[in-house]
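Working notes for the structure below.
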Amino acid sequence: MDVLGSRWTLLIVRDLLCYDIRRFNELARGLPRMSRGLLSERLRQLQEAGIIERHAGNGTPAEYRLSKAGMELRPVVEALLRWGSKWTFEEPTSNELDPVLLMWWMRRRTRTEELPDQRVVAQFDFRRVDGSFWLVLDRSDVSVCLKRPKFDIDLWIEADLSVFYQVWLGRLEFDEAVRQGGVAVRSTPELERRFSSWFRWSPAVDLLAVTEHDPTSTSEALSRQQL
């Protein structure tokens, strides 16, 4: 607990483990309520504890990678994800519904191998939320845009933000959200049909699915499905 018990520390480890994030700005975007100064301090503490290693770039931003000790925290993080998903996740409160953070999560968890051969631009309009948000989806890169990109829009998603959060957390199936009217997708029939298969959703969804299917599954098996 001296090493991992400080606020935000395990969330940093979670993001390094579950999302394969390596750079400071990416960590900061995924933890928007954490100040950049505190993030720097926590990274330094983790480095001093031997949990992460800092690799200075040659003209590129430095990368943070988990050490062997850090990688062996995977069963701890997975156990907390499973427990939290089963026992403590309630419907998000209004101040927890952050559309930009949701877009960033989706970018991290895009199954690029499932994307079409050509680039797809998806526009998200959340009811009672000002402005639109965009994902530019390509097999070589996925980007979040807060201003309309220069490309044509291929796919439109209109949704209640709270409903989309429930889909992300695995509390509601995407198709069921569409049937209930909480999510609407408009595009060509093929893109409408394939859209939900492009994302892995929350890492906790993968872990719970494996656990329910085989309660004796090992951490190694969980890691293979998750990553």
Using modelled atom types and a 3.5 Å cut-off, is there a donor and acceptor pairing between side-chain atoms of [X] and backbone atoms of [Y]?
| X | Y | answer |
| --- | --- | --- |
| Asp154 | Val121 | yes |
| Arg109 | Trp201 | yes |
| Arg14 | Val77 | no |
| Ser67 | Ile51 | yes |

Minimum heavy-atom separation for [X] to [Y], with atom names?
| X | Y | answer |
| --- | --- | --- |
| Val3 | Thr9 | O-CG2, 3.8 Å |
| Arg22 | Arg65 | NH1-NE, 3.9 Å |
| Ala28 | Arg36 | CB-NH1, 3.7 Å |
| Ala177 | Leu172 | CB-CD2, 3.6 Å |
| Trp105 | Gly30 | NE1-O, 4.4 Å |

Roughly how far, to the nearest 0.5 Å, is the OG1 atom of Thr60 from the NE2 atom of His55? 12.0 Å
Value rounded to 0.5 Å, distance of CG in Leu46 from CG in Leu16: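 Going from CG on Leu46 over to CG on Leu16, the span is 8.0 Å.
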Evaluate the ring planes of Phe164 and Phe124, with Trp represented by its six-membered ring, and classify them as parallel (under 30°), tilted (30 to 60°) or perpendicular (over 60°).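 Geometry flag for Phe124 against Phe164: perpendicular rings.
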Between the side chains of [X] and [Y], is a donor N or O closer than 3.5 angstrom to an acceptor N or O?
| X | Y | result |
| --- | --- | --- |
| Gln45 | Arg42 | yes |
| Glu114 | Trp198 | no |
| Ser140 | Asp138 | yes |

Any heavy-atom pair between the side chains of Phe199 and Phe174 that's under 4.5 Å?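 Answer no - side chains too far apart.
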Under-4.0 Å salt bridge between Arg179 and Glu176: yes
For the side-chain contact (heavy atoms from CB on, under 4.5 Å) test, which of Asp98, Leu135, Leu146 pairs with Met103? Leu135
